[in-house]
Amino acid sequence: MDQETKKLIFTNLLNGVSVEQLATDFERSPSEIHGYFRAVTLKIRSYCFIRNMPFIACESIALARQNRLVLLTLLSKVNLNKAADYSHITTREVKDIADIRG
């Protein structure tokens, strides 16, 4: 799936469209929609980590909706066509860089 479609799905999720509705509209399964959500949030977390920006809570769709404005602003800055450099970021604290590298 191309970068613009992933961004559109992510944007719609954050703006309140249900996973089921997006799955129907994009002819995907709900698990694929959740996978796109996870891939985009991992990429945004990696982007923030590399630039020493604050950690943004986005582990779930509900949390991401609470941080919608920040996430949508960052969405335009990330390249979704390549894998996240750091894909295991779960907190602000990093004890060993090898634990979070993808």
Side-chain angles (χ1 to χ4, degrees):
M1 180 174 287
D2 67 86
Q3 177 170 308
E4 292 306 314
T5 305
K6 289 178 189 175
K7 286 183 178 184
L8 184 60
I9 289 172
F10 187 76
T11 301
N12 279 301
L13 276 172
L14 295 190
N15 286 324
V17 178
S18 71
V19 172
E20 293 76 20
Q21 184 62 48
L22 288 171
T24 301
D25 293 346
F26 286 92
E27 299 177 350
R28 304 277 189 243
S29 70
S31 62
E32 285 178 292
I33 299 298
H34 281 287
Y36 297 140
F37 171 79
R38 179 161 165 69
V40 172
T41 57
L42 289 175
K43 189 64 183 169
I44 289 173
R45 284 181 180 186
S46 178
Y47 179 90
C48 290
F49 179 77
I50 290 168
R51 287 157 184 80
N52 199 24
M53 296 170 68
F55 178 81
I56 301 165
C58 56
E59 296 83 29
S60 68
I61 294 171
L63 280 173
R65 285 179 178 161
Q66 291 176 0
N67 295 303
R68 178 173 64 93
L69 296 177
V70 174
L71 291 170
L72 291 176
T73 300
L74 292 171
L75 182 61
S76 64
K77 300 176 189 279
V78 298
N79 179 1
L80 299 177
N81 290 329
K82 68 175 205 161
D85 296 322
Y86 298 95
S87 60
H88 302 290
I89 300 170
T90 56
T91 67
R92 291 178 195 249
E93 298 177 21
V94 176
K95 295 179 179 142
D96 184 1
I97 197 77
D99 292 339
I100 62 169
R101 194 170 268 290

Min side-chain heavy-atom separation Glu59-Arg45 under 4.5 Å: yes
Donor-acceptor under 3.5 Å (Asp2 side chain, Thr5 main chain): yes
With Phe37 via ring pair (Phe, Tyr, Trp, His ring centres under 6.0 Å) - residues at least two apart: Phe10
Which residues share a side chain to side chain contact (heavy atoms under 4.5 Å, CB included) with Glu27, sequence neighbours left out: none
same_hphob_cluster(Leu63, Ile44) at 4.5 Å side-chain heavy-atom cutoff: no
Minimum-distance pair of heavy atoms, taken over all atoms of Ile56 and Cys48: CD1-SG, 3.9 Å
Those residues that, when tested against Arg68, pass side-chain hydrogen bond (donor to acceptor under 3.5 Å, both in side chains) (two or more places apart): Asn15
Side-chain donor/acceptor pairs under 3.5 Å, residues 71-80, sequence neighbours excluded:
residue : atom : partner : partner atom : Å
Thr73   : OG1  : Leu69   : O            : 2.8
Ser76   : OG   : Thr73   : O            : 3.0
Asn79   : OD1  : Asn81   : N            : 2.9

Counterpart residues, side-chain hydrogen bond (donor to acceptor under 3.5 Å, both in side chains), relative to Ser18 (two or more places apart): none
Side chain to side chain contact (heavy atoms under 4.5 Å, CB included) partners for Thr24, two or more places apart: none
Side-chain heavy atoms of Phe26 within contact of Leu8, under 4.5 Å: yes
Side chain Arg65, main chain Ser60, donor-acceptor under 3.5 Å: no
Nearest-0.5 Å distance, OG1 of residue Thr41 to CG of residue Asn67: 12.0 Å
Exercise: identify the closest heavy-atom pair between Arg28 and Ile33: CB-CD1, 4.1 Å
Beyond-backbone contact of Ile61 with His34, side-chain heavy atoms, under 4.5 angstrom: yes
